[in-house]
Visitor: 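I am attaching a structure below and will ask some questions about it afterwards.
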Amino acid sequence: MNAYVEKVIEEVKEKYRDQKEFVQTVEEVLSSVSCVLDRHPEYEEAGILERMVEPERMFSFRVVWTDDAGRPHTNVGYRCQFNGAIGPYKGGLRFQKNVNESIMKFLAFEQTYKNALTGLPIGGGKGGSDFDPAGKSEGEIMRFCQSYMTALYRYIGPDQDVPAGDIGVSGKEIGYLFGQYRRLRGDYQNGVLTGKGLSYGGSLIRPEATGYGAIYYLNEVLKDHNDTLQGKKIGVSGYGNVAWGIIKKAAELGAKVTYMSGPDGYIHDEEGIVTAEKIDFITKMRRDDPLHCKPYAERFGCAFVANEKFWGVKDVDIYMPAAIQNDVTLKEAEKILASGVKYYIEVANMPTTNEALQLLRNSDIIVAPSKAVNAGGVGVSALEMSQNSQRLSWSEEEVDELLKLMMKNIYKDSKKAAQEYGLGYDLVAGANIAGFKKVAQAMYEQGIF
Ligand code: 2IT
């Protein structure tokens, strides 16, 4: 490995040893771009890497809200504005009990390179809170969102920082956040958030974009291997917003999702989750209870296996982890290898531990990295920003066409970047290299700060 890259990784490991997820993503991205630093000694002279691993700005704030009984509760809110070299900070908000500084930084770091890959002018950011939306009433969620935005609104804006949704933040929460932003600012700037409702500046296809984009990317991989989506069986972990888009688009294009999992275990539907009735049921199930997918098995009379993950089953063609970080560890990766499944397409942010990813990449399995596969979500967010600034809205067909093209280009650029550095067909390294090069060059040209 390039000595400069090695040095910076060691420094991060030492300095941020308590931030496990952040150290993990830094190691993964930087080790992939070692070859770029070999060719660009000027980046070392300009200290690009040391600057890239430190957020431009990150802050936390107190968020106080009252429950339905009038009792006050205090949570911590975060926003990490990691890198603004190529555009305003852009990235979602995650509301989940386990959110901490390390998770915010890992997500914002990943976001930086993912956003660069979209080819659109967006920098990397992420935010959220350790607020747990599970079991909260509508009123409680609204008051939490209002309080969260009251703390954040001075530091975001359409040209500054544009949050969106992530786990625990969907269209409903974005609505409450936007309402409060408008109320505090006293002017109408709907470009400050993406993932909005259609009635106040949201984009068609944005709710579906991450899942649709993942299937479009998968389609590029398959085409390149003289293969097709037709008749393919897919195992998807998770049943949130992203899995929903995957399930819908897979069914539309002749494939089918046959395994799906939640925190309580997994379901196996041999016939596939292909009907509108099944897909709508999942949407409702998620809204009512984000912790259990068992009701699906009860409703449609299929198998449910409690407290297990399905990694290792042989009767699928494609695995798509679409739930949460570090879903697949070495133990699961070994099962995946033994299953003989041909494609491992990451969807959730960093769903694979570094050692598990290494094992899969060194095998015959075709591995695609989440920062490329899930980039369609934020890509359509950037299209939403364009529509807002032009004060118009594009049709479903227009947005879908742009999304398809974006995923095609992301695949092509990643593949080409790896080839340019003599790495062969390596979509993981290629995505890191392509994203990194764009951000590094922008920082380099803008001078030292
Ligand atoms: O991880 C992600 O890319 C997102 N949660 C979407 C971010 C966005 O700004 O649409």
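Numbering of residues begins at 1 and proceeds along the displayed sequence. Ligands are counted one by one from 1 in listed order, and the atoms in each one are counted from 1 as well. None of these values were measured; they are calculated from a predicted model.
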Visitor: Atoms of ligand 1 less than 4.0 Å from Ser381 heavy atoms?
Guide: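 Under 4.0 Å from Ser381, ligand 1 has these atoms: 8 (C), 9 (O), 10 (O).
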Visitor: Where is the nearest protein heavy atom to atom 9 (O) of ligand 1: which residue, which atom, and how far?
Guide: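 Here the closest protein heavy atom is Lys90 NZ, 2.7 Å.
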Visitor: With heavy atoms under 4.0 Å as the rule, classify the contact between Asn349 and ligand 1 as side chain, backbone, both or neither.
Guide: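 The answer is the side chain of Asn349.
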Visitor: Quick check: closest heavy atoms across Thr118 and Ala375, and the distance to 0.1 Å?
Guide: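 Between these two residues, the closest heavy atoms are CG2-O, 3.7 Å.
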Visitor: Do the side chains of Arg182 and Asp187 get close enough for a salt bridge, i.e. N-O under 4.0 angstrom?
Guide: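 Here Arg182 does not pair with Asp187 in a salt bridge, since their nearest N and O are not under 4.0 Å apart.
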Visitor: Which ligand 1 atoms are under 4.0 Å away from a heavy-atom of Gly165?
Guide: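 The list of qualifying atoms is 4 (C), 5 (N), 6 (C).
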Visitor: Any idea which protein heavy atom is nearest atom 7 (C) of ligand 1, and the distance to it?
Guide: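 Sorting protein heavy atoms by distance from atom 7 (C) of ligand 1 puts Gly92 N, 3.5 Å first.
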Visitor: What's the separation between atom CD in Glu308 and atom CG in Asp264, rounded to the nearest 0.5 Å?
Guide: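 The CG atom of Asp264 is 12.0 Å from CD of Glu308, to the nearest 0.5 Å.
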Visitor: Which atoms of ligand 1 have any heavy atom of Asp166 under 4.0 Å away?
Guide: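 That gives atoms 1 (O), 4 (C), 5 (N) of ligand 1.
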Visitor: Can you tell which part of Met385 has a heavy atom less than 4.0 Å from ligand 1: side chain, backbone, both or neither?
Guide: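 For Met385, no heavy atom sits under 4.0 Å from ligand 1.
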Visitor: For Asp227, is there an ion pair with Lys232 - N to carboxylate O distance below 4.0 angstrom?
Guide: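 Between Asp227 and Lys232 there is a salt bridge, with a charged N closer than 4.0 Å to a carboxylate O.
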Visitor: Return the option from Arg206, Arg94, Lys114 holding the heavy atom at the smallest distance from atom 6 (C) of ligand 1.
Guide: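 That would be Arg206.
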Visitor: Heavy atom under 4.0 Å from ligand 1: found in Glu110's side chain, backbone, both, or neither?
Guide: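 Neither part.
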Visitor: Is the NZ or CZ atom of Lys105 positioned over Phe22's six-membered ring, under 6.0 angstrom from the centre and within 45° of the axis?
Guide: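 Positive - Lys105 is close enough to the ring of Phe22 and near enough to its axis.
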Visitor: Below 4.0 angstrom from a heavy atom of Lys126, which ligand 1 atoms are there? Numbered from 1 as shown, please.
Guide: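 Heavy-atom distances to Lys126 below 4.0 Å select 1 (O), 2 (C), 4 (C), 5 (N).
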Visitor: Between Tyr259 and Ser237, is any side-chain donor less than 3.5 angstrom from a side-chain acceptor?
Guide: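 Side chains of Tyr259 and Ser237: no pair found under 3.5 Å.
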Visitor: Could you list the atoms of ligand 1 found under 4.0 angstrom from a heavy atom of Ala164?
Guide: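 Every atom of ligand 1 under 4.0 Å from some heavy atom of Ala164: 8 (C), 9 (O), 10 (O).
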Visitor: Please report whether the ring centroid of Tyr411 lies less than 6.0 Å from that of Tyr217.
Guide: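 Close enough - the centres of the two rings lie under 6.0 Å apart.
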Visitor: Check whether the ring centres of Tyr200 and Phe178 lie less than 6.0 Å apart, and answer yes or no.
Guide: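 Yes; Phe178 has its ring centre under 6.0 Å from that of Tyr200.
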